[in-house]
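Remember, it's 1-based here, ligands and their atoms both numbered in the order they're listed. Residues take their numbers from the sequence shown, with the count starting at 1.
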Amino acid sequence: MTERLSAVKGMNDITPPVSAHWEWLEDTLRGLMRRYGYRNLRTPIVEPTALFVRGLGEVTDIVEKEMYSFEDRLNGEQLTLRPENTAGVVRAALEHSLLYDGGKRLYYMGPMFRHERPQRGRYRQFHQFGAEALGFAGPDVDAELIVLACDLWAELGLTGIELEINSLGQPAERLAHRQALITYLEGHADLLDEDARRRLHSNPLRILDTKNPAMQDLVNAAPRLMDHLGAESLAHFERLRSLLDAHGIAYRINPRLVRGMDYYNLSVFEFVTTQLGSQGTVCAGGRYDGLFEQMGGKPAPAVGWALGMERILELLKEQGRLPEVPVPDAYAVVPDEARVAEVMPVLRQLRLQGVSVQMHAAGPEGMGSMKSQFKKADASGARYALIFGEQEMREGTVALKPLRGPRGESDGGQSLLRIDSVADWGSRLR
Ligand code: ATP
Ligand code: MG
């Protein structure tokens, strides 16, 4: 027997009915973005490797060990499956001069790729939805983006998602803090794990983000970046806080919140839940005013966030908030295969009216018994069966049988529709 192939580890098929949950989430996101005036940007899934090395920084988890990189077999170019999309958004904004007439509010969604250990809420191909406000210095748009996310949780019916915020200040302020931090950590060198020792001089700030339980006391007592911020950075942060307060949005200041990419400055934030085990961050972002320049463009301030769609769906499931999977409005029962050529155009009329109809399809033994067709009709979840019986069709009619009422029960009674008025019935159904 030929060996069966399976999907790559950590990369999932999304099959019906679960794909309907995805579509519902995507529609909800699109609707919300439209109301906030964010427009869709679509960039390629493959980008030059240099984009991420330069954008995210060499000493980051992603660039050090999580990227799917390869050489283009034909021209030797170094390419990478995008592990995130902020760098791609900035590249595209520069390439198309999107900011020529002012700031732009953009969103994207799609697959990202990271070579991580697959586990609940952590996959190698996963999906992000991201919102990016380019060309705005904030903190009003910083607040807007956070409020937008809160509106999303509310619209999805999610609860228990907590907001953490912090300010990373400006590069010069981080440098002063960095020195204090290195001195402090060097004084406790015996308590550092291997990762921390390696990062001590390359990226000490990231050590604060460690998940190693043995290092929590150490990092909790470390010098705080917040104490090194200048007046302007502090004012930006205070204004963000007051804007959140004005919306009645609760948050916790987490002085250790640093984020995984090097491009962030000033505001950073995460939305976290305790209901997803250790993969509790559902949405994360911040300001990245230096990235445009780092990418070789004219400096432009920017802020954005990305959410993990798998984690949001997992949380929706956990909280019983997933919607019912859509069912067809009607199922067409067709006893005689010879009538299919007449039935199909009628169903097409209904679909033109926006009605969703499934026709019973022939098997190897023809259409099958009425009983088996009704079983299928019932299993489809359709509200109505349209029965194209021999007798009825000869009289130019079709039988309409309600399968379930608004509360799922069938109210029994069957009626007759004229075939030439089925479309009218369909238009009233919607
Ligand atoms: P984590 O600390 O969980 O690794 P991260 O800081 O690497 O997250 P970001 O790069 O900020 O994550 O991505 C934004 C969001 O995308 C995360 O908050 C999370 O919800 C989701 N995400 C990140 N990596 C994965 C993954 N491998 N599988 C599923 N979702 C992910
Ligand atoms: Mg990560």
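Numbered from 1 in the order shown, with element, the atoms of ligand 1 that lie under 4.0 Å from a heavy atom of Ala306 read 14 (C), 15 (C).
Residue nearest to atom 17 (C) of ligand 1, selected from Thr281, Asn85, Leu307: Thr281 (by heavy-atom distance). For atom 19 (C) of ligand 1, the nearest non-hydrogen atom from the set Glu314, Glu116, Arg311 comes from Arg311.
Cation-pi geometry between Arg105 and Phe136 is satisfied (NZ or CZ under 6.0 Å from the ring centre, within 45° of the ring normal).
Side-chain atoms of Gln275 do not come within 3.5 Å of backbone N or O of Leu315 as any donor-acceptor pair.
Residue-to-ligand polar distances keep Glu270 apart from ligand 1: every N/O pair is separated by 3.5 Å or more. Remark: ligand 1 and Lys211 share an N or O pair separated by less than 3.5 Å (distance only, no angle test).
No donor-acceptor contact under 3.5 angstrom links the side chains of Tyr331 and Asp378, judged on distance only. In this structure, a donor-acceptor pair under 3.5 Å is absent between the side chains of Arg174 and Gln179.
Between His188 and Tyr184, the ring planes lie tilted relative to each other; the angle falls in the 30° to 60° range.
Taking a 4.0 Å cut-off on heavy atoms, Arg114 registers as neighbouring ligand 1.
Residue contacts with ligand 1, taken as heavy atom pairs separated by less than 4.0 Å, involve Val282 solely via the backbone atoms N, CA, C and O. With a heavy-atom cut-off of 4.0 Å, Gln128 touches ligand 1 through its side chain alone.
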Problem set entry | Worked check of side chain to side chain contact (heavy atoms under 4.5 Å, CB included) between Glu270 and Asn254 | CA-CA 10 Å; Glu270 287 193 355; Asn254 175 357; over 6 Å; no
